[in-house]
Amino acid sequence: MTKDSLRQQFPALMNKAYFNYGGQGPLSQVAKDAIFRSYDLIQQLGPFSQGVNDFVIKLQRALRDSIAAELGVTPHTIALTEDVTVGCNIALWGIDWKAGDHILLSDCEHPGIIAAVGELQRRFQLEVSICPLLKTLNEGDPIAIIEDYLQPNTRLLVISHILWNTGQLLPLKEIVEVCQNFSVSHSQRIFVLVDAAQSVGVLPLNLNELGVDFYAFTGHKWWCGPDGLGALYVSPKAWEDLHPTFIGWRGITFNSNGKQVWKSDATRYEIATSAVSLSAGLKDAIALHYQWGTVEERYQEICRLSRYLWEKLGAISGVECLRNLPPESGLVSFQLTNGKSPQELVNKLEKQGVMLRTIHYPNCVRACVHYFTLDSEIDQLVDAITQVLST
């Protein structure tokens, strides 16, 4: 399928130049139709019936299969959630914390995660440190900095695979290995929780090789699925140490003696009734991308387009990209050096049908390109920025 043919599946792209995939991807007609068909079928069968129950089980199993294939893991490691933040909270609150335990996170984490860690610190008298990864965007070693900030009482590292503000791709496998080696030498296991909001749907992934404990993500960003549906990968080696945070009937079962017990897979972290028809939309959203190319081919195209945008932005007077080298993700962040307001720029561009966003820290503008972004859209964005800054 060509880019033009694929883009016809996304009605939201017909009247705008869209650069906010890292916030929310547009929903394809394929995904939307799948959601509507699912709702119709549920009503035809009877919302609370054995027929619907069988349909729901089959649909969610198919979605877990699709997600697991994308992540290089088995379906029983996947818990369906609402979004990234819910997945992170399941991991954050499910650990059996003791006063004095230490959490390490970076200075580039999302405010929602920072707030959750702050509340954990207050309730359980934890120690929290923030390592300065922002300064490693163009020079320095994030692995060495993280290693320097680990402590004998560190129990959890909270990190993003791709930093949401700068687009920096972190060497996750090597970071996990540092934590594992530190754990062995200090006889205290360090869990690794990854905010994968900007990596799922962008990077070719194999979580077994990366060795992470928890990997939280959503379907509504780079997969361009419906909002309100995400997932959490939980490594089997972490199951016994991660207690359910939100508890409901989906996470429990009964043993041979009739005793209520937790389910034996990651569904123990799921809760209860949800908008199951969204699963049909996300499953078809994931499948749609393969009509253009493989995950590897899509990532290569994202990097090509990011480089093209980065080079074009670098030629605009009054614009300075945060990265000195071409981006390794679909996020391209830049600052205005002529005193212009980033928010004013974003507001003016949106009135012209060109959509991007501001970031508070560091104070910048972020543009996102997907593999089906057009070169001509990038040209349109650059021309619009140039025009606004020249007036």
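All heavy atoms count here, side chains included; hydrogens, waters and symmetry mates do not. From a predicted model like this one, the values you see are computed outputs, not experimental measurements.
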F334 to C364 - nearest heavy-atom pair and separation
O-CB, 3.2 Å
For the CG atom of L156 and the CD1 atom of I190, what is their distance to the nearest 0.5 Å?
9.5 Å
With no hydrogens and no angle check, do the side chains of N153 and E127 hold a donor and an acceptor under 3.5 Å apart?
yes
Are a donor atom and an acceptor atom from the side chains of D33 and Q29 found within less than 3.5 Å of each other?
yes
Under 3.5 Å: donor-acceptor pair, side chain of N138, backbone of L322
yes
Nearest 0.5 Å, what's the NE2-CG distance between H370 and L13?
10.0 Å
Show the numbers, then the answer: is there a ring-ring contact (aromatic ring centres under 6.0 Å, His included) between H289 and W222?
CA-CA 10 Å; H289 296 299; W222 298 92; over 10 Å; no
From CA spacing to verdict: side-chain contact (heavy atoms from CB on, under 4.5 Å), L71, I78:
CA-CA 10 Å; L71 304 185; I78 302 299; 4.0 Å; yes
In short, I359 meets R366 closest at the heavy-atom pair CG1-CB, 3.9 Å
Can L63 and L80 be said to form a side-chain contact (heavy atoms from CB on, under 4.5 Å), step by step?
CA-CA 9 Å; L63 176 59; L80 300 179; 4.0 Å; yes
Side chains of R323 and S333: is there a donor and an acceptor less than 3.5 Å apart?
no
The single option from H186, H102, Q188 passing side chain to side chain donor-acceptor pair (under 3.5 Å) against T154
H102
Give a yes or no answer on whether the side chain of R268 reaches the backbone of W262 with a donor-acceptor pair at less than 3.5 Å.
no
Treat each ILVMFWY residue as a node, draw an edge where side-chain heavy atoms are under 4.5 Å apart, and state whether V369 and L374 are in one component.
no
Applying salt bridge (Lys or Arg N to Asp or Glu O under 4.0 Å), run through R37 and D284 and close with a yes or a no.
CA-CA 12 Å; R37 286 196 304 271; D284 283 12; 3.7 Å; yes
Drop me the distance from Q60's CD to L282's CG, to the nearest 0.5 angstrom.
11.5 Å
Flag, side chain of D101 to backbone of K98, donor-acceptor distance under 3.5 Å
yes
If hydrophobic clusters are built by linking Ile, Leu, Val, Met, Phe, Trp and Tyr wherever their side-chain heavy atoms come under 4.5 Å apart, do W223 and L203 end up in the same one?
yes
For Q125 and R122, indicate whether the former's side chain and the latter's backbone hold a donor-acceptor pair under 3.5 Å.
yes
Under a 3.5 Å threshold, yes or no: a donor from one side chain and an acceptor from the other, between D54 and Q50?
yes
Would you check if the side chain of T77 reaches a backbone N or O of V73 as a donor-acceptor pair within less than 3.5 Å?
no
Between L336 and L345, is a side-chain contact (heavy atoms from CB on, under 4.5 Å) present by the stated rule, with each step listed?
CA-CA 9 Å; L336 305 181; L345 171 67; 4.0 Å; yes
Roughly how far apart are E70 CD and F217 CZ, rounded to 0.5 Å?
9.5 Å
Do T267 and E270 get their side chains close enough for a donor-acceptor pair, meaning under 3.5 Å?
no
Could you check whether N89 and W93, counting side-chain N and O atoms only, form a donor-acceptor pair closer than 3.5 Å?
yes
Check for me, please, whether V158 and V234 land in the same ILVMFWY cluster - side-chain distances under 4.5 Å, paths through other members count.
yes
Scan L134, I130, D195 and name whichever one has a side-chain contact (heavy atoms from CB on, under 4.5 Å) with C108.
L134
Of all heavy-atom pairs linking T218 and L229, the shortest is OG1-O, 3.6 Å
Work out which heavy atom in C179 is nearest to a heavy atom in L157; give both atom names and the distance.
SG-CD2, 3.7 Å
Nearest heavy atoms of A91 and L193, plus distance in Å
CB-CD1, 3.8 Å
Presence of salt bridge, K283 and D65, under 4.0 angstrom:
no
Taking the inter-plane angle between the rings of W292 and Y371 on a 0 to 90° scale, is it parallel (under 30°), tilted (30 to 60°) or perpendicular (over 60°)?
tilted
In sequence, state the C-alpha distance, the side-chain angles, and the governing distance for E328 and R307, and then conclude on salt bridge (Lys or Arg N to Asp or Glu O under 4.0 Å).
CA-CA 9 Å; E328 300 170 291; R307 179 176 189 134; over 6 Å; no
Say whether T337 and E320, considering side chains only, have a donor N or O and an acceptor N or O under 3.5 Å apart.
no
Could you give me the CA-CA distance, side-chain angles and deciding distance for K221 and D83, then say whether salt bridge (Lys or Arg N to Asp or Glu O under 4.0 Å) is met?
CA-CA 10 Å; K221 293 182 185 287; D83 48 49; over 6 Å; no
How many angstroms lie between atom CD1 of I271 and atom OG1 of T81, to the nearest 0.5 angstrom?
9.0 Å
Salt bridge between K340 and E344, side-chain N to carboxylate O under 4.0 Å?
no
Quick check: closest heavy atoms across V84 and A197, and the distance to 0.1 Å?
CG2-CB, 3.7 Å
How far apart are the C-alpha atoms of Y269 and F214, what are their side-chain angles, what is the distance that settles it, and do they pass the ring-ring contact (aromatic ring centres under 6.0 Å, His included) test?
CA-CA 12 Å; Y269 306 109; F214 317 115; 8.2 Å; no
Decide whether a cation-pi geometry holds between R298 and F372; the criteria are a distance under 6.0 Å from NZ or CZ to the six-membered ring centre and an angle within 45° of the ring axis.
no
Are the charged groups of K16 and E350 less than 4.0 angstrom apart, N to O?
no
Is D213 salt-bridged to R189, cutoff N-O under 4.0 Å?
yes
OG/S264 to CH2/W239 distance, rounded to the nearest 0.5 angstrom?
6.5 Å
Between Q343 and N347, is there a side-chain donor-acceptor contact under 3.5 Å, judged purely by atom types and distance?
yes
Among side-chain atoms of S329 and Q198, is any donor-acceptor pair under 3.5 angstrom?
no
Do R304 and E301 sit within salt-bridge range, that is, some charged N less than 4.0 Å from a carboxylate O?
yes
Are Y308 and L169 connected in a single hydrophobic cluster, I mean Ile/Leu/Val/Met/Phe/Trp/Tyr linked by side-chain heavy atoms less than 4.5 Å apart?
no
